[in-house]
Amino acid sequence: MVKNLLIVESPAKAKTIEKYLGKDFIVKSSIGHIRDLPEKGIGIDVEHDFAPTYEVSTDKKKVVAELKKLAKEAETVWLATDEDREGEAIAWHLLEALGVKESKTKRVVYHEITKSAILAAIENPRSIDKALVDAQQARRILDRLVGYELSPVLWRKVKPSLSAGRVQSVAVRLIVEREREVNGFNSVPFFKVDGLFNANSSNFHAELDKRYTNEEDALGFLTKIKGAEFTVRDLEKKPAKRSPSAPFTTSTLQQEASRKLSFSVLQTMRVAQGLYEKGDITYMRTDSVNLSQQAIDGAKAEIEKSFGPKYAETRQYKTKSSGAQEAHEAIRPTDFSAKEIAGHDSNEARLYDLIRKRTIASQMANAELEKTVITIGQNKTDDNFIATGEVIIFDGFLRVYSESDDDTEEQDNSETLPMVKAGDKVNFLEANATQRFPNSLPRYTEASLVKKLEALGIGRPSTYAPTISTVQKRGYVVKESREGTPRPYKVLTLKNGEIIAATKSENTGAEKSKLFPTDIGSVVTDFLVENFSEILDYNFTAQVEEEFDIIAEGKLSWTKMLHQFYNPFHATVVKATDVKKKTSGEKLLGQDANGKNVYAKIGRYGPMIQIGDFAEGEEETKAEDKPKYSKLRADQRMETITLEEALNLFKMPRKIGLFEDKEMAAGIGRFGPYIRHDSKFYSISKEDDVYTIDEARAIEVIKDKRQKEIEKTIKIIPHEPEIRILKGRFGPYFTMDKKNYKIPKGKEAADLTLEECMEIVKTEDAAPKKKGRFTPRKKADKK
DNA sequence: CAGTGAGCGAGCTTCCGCTTGACTT
């Protein structure tokens, strides 16, 4: 029999705390929430003050049964869940579900898992804060009402199985609106002028202090400064400093792991979970930048040992994000002296290294810099060239860590500037006027979306990764990479008194692992914004959070708040449901050659193009007048498709002619453009155009492919199904019934008999499938 | 590597936030 049962949320935490508390305590975990609203049905009695029905979650039945048994035996039950809204609610649900007397329980809280903090918490128990629990109930019930009332509207108006919610719908909206900004962005090019100079026998760059909107003006300037004399007009040196970033929260860890290690948000959390369970880092779902005193002391000792005392500068950071609950410390190593950690895979080691460096850097001195600005004038015009340089005087925290940035392009300030003074002459070597195209705001990555959501106070550390999965699972958003397209740009070069114009090429529009909205995502967003603008408002969460805070202070009843929210909200749901029409996101693209309307819309099977309309009213549409349909290709979007591209879809598949008495047709399929003949498919390479390819060329393509087949074939063994022995990229193999079989070493492919083949088939099919260590790459090959 | 309206009917889908394994491809 145990005297004390202490319950926390996380099993790993339970293990640590048990060590601190000794034999009088048994420490167990609830593994998160134990009770919730039922999954089926709304579970809220709206008519009676939103009375909720809570039930023990199916996967927690075992946990609750065990805790119940232990609680019965214990003298005191210590509810040591997190000190935030959700943690308080878990404590309350435990109290209700375990059936223990309130007098037998004590509520304890702490902000860090250190022995002193835990012991201090035990000395200062309190009772459950019911106002905070009510704030959680308001949050939970509001989310349920929004999610379970909005989603069915979408099932009726757009498509079954869709979903909407306070968090996910805003996340999708952000991506939809960013995509529209990117597509609507009009990049007006300009010319910037860069000069190359020499002073004290070293070369350096300086940029003209103005830009030109067109080539003529840029050329005019270069013409004017031909043969000019250049002198230093001004020299400015000023000290600057750079401060380290705060230690990691969940959101900033996800962002840096994305930039520095190319981890997805989900991957970061998985790897961090592994580190946490092994005891290498503190809890990884946190919104706090706070460090325990023990951690600060540990970091300081490590810094002084490794770099010397002048590199240490301890500090406590303030959490900036609104709505932070700060139940945990920042994410940090548990032991600062552990530079490398044993028994971990490389991803764990890399993430640990990132966390360790970031935390240590946060307790280090500022970097001290000297910024130099040299202004170079000339005797032909009033325009100046500006050279900027930066010299690190004292590296400070930069010695271990510098944060990456995904919004601005890397600027190169590393060039050393020559020692000059005002009035000095500098030698002009050349000047380049280069055409530049401004970029629109970038599309979101998983991590930059998390950053944006956090800034809006939407979502919590435990939900960032799942939210990103949800919006992709529902088909609202896809993560994609795209190859860019070449774009020409002009460069005018003034050198040796001559101006030369050249056209160069740069790659533009390339994207790597970015979030794109789908047509469904856009249509659903437009529908929700039109009908439920309040919920889709970027400030909705912030507003309700303010009310939750007032409830938590005991100054507002949670039922009153919900009434105020629900009555108008429910009215909008009823109104939107009453409208009979389905939402298809129909968009008129124009008219075809016969004057029929051409639409892009969402149909039963996804986005499509429709040509023609149904007859109005009673009149029956004649069969030959019925609209024609075509599905959009995978790379096409309703929002961006042109009339011409839409009409082209109806030209496919296109009859080309006859070959061996059978018809040939050209089309575009899942794997790109093809020619079909005698129910076989032949891919067309980039040199041919599916829209114009003719009979003669198509026959060539077919013959080519046949020739290659013959060259590949070593032997055909008649059998049912047929066995074909072929030459492959990885050596000879044979194929039967659409499956490929490797030919074992030591066998001559050409000599294989039917019996030998069947033997190989038998052993291969019986053998368990090898588990691939690597997932197959999506891109087969690129050239 | 197609098809493709709306309406009728049944029965299904869905939220956010807190935590881990137990599952299969």
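Order of the sequence lines fixes the chain letters, A, B, ..., with proteins taken first and strands second; residue numbering starts at 1 for each chain. Since we're looking at a predicted model, the values are computed, not measured. Below, each value reflects all heavy atoms present in this structure, side chains not excepted, and no hydrogens, waters or symmetry copies.
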Practice item. Measure across A:Gln136 and A:Glu86 and return the closest heavy-atom pair with its distance rounded to 0.1 Å. Key: NE2-OE1, 3.0 Å
Check your understanding: Parallel, tilted or perpendicular: which fits the ring planes of A:Phe565 and A:Phe540, with parallel below 30° and perpendicular above 60°?
Key -> tilted
Review point. Just how far, in rounded Å, is C1' of B:dG7 from NZ of A:Lys157?
Key: 12 Å
Exercise for review: Please identify each residue that fulfils ring pair (Phe, Tyr, Trp, His ring centres under 6.0 Å) with A:His677, with sequence neighbours left out.
Suggested key: A:Phe659
Revision key, fill the gap. Pairs under 3.5 Å (Watson-Crick or G-U), crossing ones as [ ], inter-strand ones as |: DNA chain B comes out as .........................
Point to revise | Distance in angstrom units between A:Lys628 NZ and B:dT4 P, rounded | key: 14 Å
Check your understanding: Can you list every salt bridge (Lys or Arg N to Asp or Glu O under 4.0 Å) pair that touches residues 141-156 of chain A, not counting sequence neighbours?
Key -> A:Arg139-A:Asp143, A:Asp143-A:Arg166
Practice item. State, to 0.1 Å, how close A:Gly521 and A:Val176 come at their nearest heavy-atom pair, and which atoms those are. Key: O-CG2, 3.8 Å
Revision key, fill the gap. Nucleotide by nucleotide, nucleotides 12-21 of chain B touches protein heavy atoms under 4.0 Å in the pattern (B base, S sugar-phosphate only, - none) -BBBBBBBS-
Revision key, fill the gap. Residues at least two apart in sequence or cross-chain that pass ring pair (Phe, Tyr, Trp, His ring centres under 6.0 Å) with A:Phe532, listed by chain then number, are none
Review point. In whole angstroms, how far is the P atom of B:dG5 from the CD1 atom of A:Ile602?
Key: 13 Å
Check your understanding: How are the rings of A:Tyr283 and A:His328 set relative to one another: parallel (under 30°), tilted (30 to 60°) or perpendicular (over 60°)?
Key -> tilted
Review point. Taking only residues two or more places apart in sequence, or in another chain, which ones meet A:Asn648 in a side-chain hydrogen bond (donor to acceptor under 3.5 Å, both in side chains)?
Key: A:Lys651
